[in-house]
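Worksheet for the structure shown next.
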Number of protein chains: 2
Amino acid sequence: MAILETISSIDTSPRHPIRLVANRTGLTVDLIRAWEKRYQVVEPARSDTQRRLYSDYDIERLRLIRIAKQAGRRLADIATLPLESLRDVVSEESRYGETREAPEVHRPSWSTFPEDEASAETLDAMLYAIQTMDQHRFDQLLQENLVKHSLPAFLEKTLAPLLSEIGEATRSGGMRIAHEHMATAHLRTFLGALRFRETFTGTEPRIVITTPTGQLHELGALMVAALVSIDGWMPVYLGPNTPADEIAACVQQCSARAVSLSLTYPADDPRIPTELARLKSQLDEKVTVFVGGAAASVHGDLIHRLGLQAPTSLKELRDHLQQLRDLAYQRKVS
Amino acid sequence: MAILETISSIDTSPRHPIRLVANRTGLTVDLIRAWEKRYQVVEPARSDTQRRLYSDYDIERLRLIRIAKQAGRRLADIATLPLESLRDVVSEESRYGETREAPEVHRPSWSTFPEDEASAETLDAMLYAIQTMDQHRFDQLLQENLVKHSLPAFLEKTLAPLLSEIGEATRSGGMRIAHEHMATAHLRTFLGALRFRETFTGTEPRIVITTPTGQLHELGALMVAALVSIDGWMPVYLGPNTPADEIAACVQQCSARAVSLSLTYPADDPRIPTELARLKSQLDEKVTVFVGGAAASVHGDLIHRLGLQAPTSLKELRDHLQQLRDLAYQRKVS
DNA sequence: GCAAGTTTGTCCCAGTTTTGTCCAGACATT
DNA sequence: AATGTCTGGACAAAACTGGGACAAACTTGC
């Protein structure tokens, strides 16, 4: 048990009250306790007055178990599985009935890798797979890496570096455009599918995710969509290149609580300021707008003036969103 | 023929409850039991409390049997066939079978008879999901529909009509750009993931799939990629908007046997003729180039002159590829 | 073309297992 | 004081099982 905790990079410190867990997982308080009583699905720590205290790790497990149940699994079969195996079970489902590739899931070898070394190593392996046009190997590497890390860690420690390496190599001529295309197309698929490992209860607050007119690169936006969906938000993903008016209309129709825009290239497109201003003017005050991506810093001034948010990392975005959501929770409670 | 296909083996360990099997195959729980009772279609293991436990092998068989049934087979004829024979039956069906009309078996609730009505119904449901920005419902409908049909049927009978309806509605103003964006983004993900339902042995001939410079719509290309992969080809998918030189380089590096290009919009882009000619001039004679998509007919003349192939339907493309592959196989044997 | 027989999806039953919800009384938190 | 959490248990709904019934659609024989 303790071994598992050191592998997974998810926070295992117990701090969340049961109500919050219920809220975030979409389960009822009663049900969480019943599962604990019957199958020891989770065994949360206790406060000095016997209140249950759950960790992020626990929440993640409960969330996965809920998904697996919905797919038709029986509780007894999955209740005590460790997080990694649960991820396997769920991802097997999300790919619907296809045949698996690597039966040897429990390979002790990877538990010995120190995090960073493994990253550099897999990064090279991925780049090699791209250079040799080995799409299948590339996919395999991505899958493996995702299973090893939590999603946020995967995005930040593997995907972000990979993207910048690809960009670099393409610019410098070390990689053909064809290779870059192949990698991008594949990542587009991979990231898109990530979002659907989660299921939604319908009660999650919504966030509209897209890129403004002229911005054709959507990988950043997709990363946000995937990330956000494991934190109890429901992303409404519009793809790239959406006019401000359309974004606003979408926010309205979905009663979304937030918008996330991703800016990468071209950084100095003259339409950006116009579109941002236009969007802001059409939105309710209560809707938070996040602007991220490599090119966001170029427009820092404008973003500040319009009262938009400009998180500098995925983690910052995540924290801000948590706050936004838990705020709603507080309001509902009191 | 059959020898090559038996390479990939499916897990036969019993672990799935009946509900999950029902979810994945699209059959009712009742029906699965009835089939077992009458023909021993599958004989699942049992848990210690008599619950049925199915293996991946069982699930795959049930899926194939369902498809075969839908094509008009009688249960008694196929109930006890081993997996490989079932695959043969089904693949034969999906290639030639759609034209038959007599077999009108029964009409279970999940059957799509009468063909057109039911199709129109799901199509409406999908359009409604899009209009209400209900991404999840949309995904659900797509999944359901895919389970019900074989992949080729799904692409031709559901996806193609859906795409043209969306295009129509957007042009006429009945649908917002935001809705179209949402639907397109989602379909991009959905189609991309389809390709990975198949497993590859690495011995399949390769086909490079993309769209030429200026053509930004990739859904058609993705459909081809998905389709081709169930017919024993390995797609090398490059995404949209790839310059001719890069396509040629990719073909070379992968020693691909064929190229598939998709043309949709803009139909009269002046770069198209140049790019096609340029591509053709750089390729080996033995590489077959297919040009498809709504805008392909505009360039019929040129395509013919360059000696490219212009299949008018997915089925035609499929037949041609099949021929190509068998030809190569013959050569290898003799 | 019609009647008799078959095939097949669905439904109902009664008995068991699994699972979600609810309650009561004690204690904690705000 | 009002609200939320805790434990332990009770209860009911849902799901699964074997068996059988039934009607609709299909096939066969005449």
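Labels below follow one simple rule: chain letters A, B, ... track the order of the sequence lines, proteins then strands, and each chain is numbered from 1.
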- Message: I'd like to compare against my own output: the B/S/- annotation of nucleotides 8-14 of chain D with a strict under-4.0 Å heavy-atom distance to protein.
- Response: BBB----
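A salt bridge links A:Arg46 with A:Glu36: at least one charged nitrogen is closer than 4.0 Å to a carboxylate oxygen. Comment: A:Asp77 does not engage B:Arg15 in a salt bridge, judged by the lack of any side-chain N to carboxylate O separation of less than 4.0 angstrom. Using a cut-off of 4.0 Å between Lys/Arg side-chain N and Asp/Glu carboxylate O, A:Arg87 and A:Glu92 are scored as not salt-bridged. The pair A:Arg73-A:Glu93 counts as a salt bridge, with a side-chain nitrogen and a carboxylate oxygen less than 4.0 angstrom apart.
Between A:Phe154 and A:Phe190, the two ring planes are tilted [angle within 30° to 60°].
Between the CH2 atom of B:Trp35 and the P atom of D:dG18 there is a distance of 18 Å, rounded to whole Å. To the nearest angstrom, C1' of C:dT7 lies 17 Å from CZ of B:Arg73. Nucleotide C:dG20 holds its C1' atom 16 Å from the CD1 atom of A:Ile65, rounded to whole Å. Distance B:Leu20 CG to D:dA15 P: 15 Å, rounded to the nearest Å. Distance CD1 (A:Ile32) to P (C:dT19): 17 Å, rounded to an integer number of Å. If you take CD of A:Gln70 and P of C:dT18, they are 21 Å apart, rounded to a whole angstrom. For the pair A:Glu36 CD and D:dC6 C1', the interatomic distance rounds to 11 Å; values are reported in whole Å. Atom-to-atom, CZ of B:Arg52 to P of D:dT17 comes out at 4 Å; the value is rounded to the nearest Å.
Side chain of A:Lys69, nearest nucleotide from C:dT10, D:dT27, C:dT19: C:dT19. Among C:dT21, D:dC6, D:dG18, the nucleotide with an atom closest to any side-chain atom of A:Ile18 is D:dC6. Which of C:dT19, D:dA15, C:dT10 sits closest to the side chain of B:Arg19 comes down to D:dA15. Considering only the side chain of A:Arg46, D:dT7 comes nearest among C:dG9, C:dT10, D:dT7. Which of C:dT8, D:dT17, C:dG9 sits closest to the side chain of B:Leu31 comes down to C:dG9.
In this model, the phosphate group of C:dT8 is not approached by any side-chain N or O of B:Arg66 to a distance below 4.0 Å at OP1 or OP2. Distances shorter than 4.0 Å separate none of the side-chain N or O atoms of B:Tyr39 from OP1 or OP2 on C:dT7.
Residues satisfying the side-chain contact (heavy atoms from CB on, under 4.5 Å) test with A:Asp30, not counting sequence neighbours, are A:Thr28, A:Arg33.
Taking the ring centroids of B:Phe138 and B:His186, they lie under the 6.0 Å cut-off.
For the side-chain contact (heavy atoms from CB on, under 4.5 Å) criterion with A:Val259, the lone passing option out of A:Ile209, A:Leu283, A:Val236 is A:Leu283.
The minimum heavy-atom distance linking A:Thr25 with A:Arg63 is given by the pair CG2-N, 4.2 Å.
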For nucleotides 28-30 of chain C, give me every protein contact, N/O to N/O, under 3.5 Å, one pair per line with atom names.
unit_1	atom_1	unit_2	atom_2	d
C:dA28	O4'	A:Arg51	NH2	3.1
C:dA28	O3'	A:Thr49	OG1	3.1
C:dT29	OP1	A:Thr49	OG1	3.1

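At most 12 heavy atoms of other shown residues, nucleotides or ligands fall within 6.0 angstrom of atom CD in A:Glu285.
Heavy atoms of B:Arg33 sit under 4.0 angstrom from at least one base atom.
Of the two residues contacting DNA chain D, namely A:Gln50 and B:Leu53, the nearest-nucleotide position lying further toward the 5' end is that of A:Gln50.
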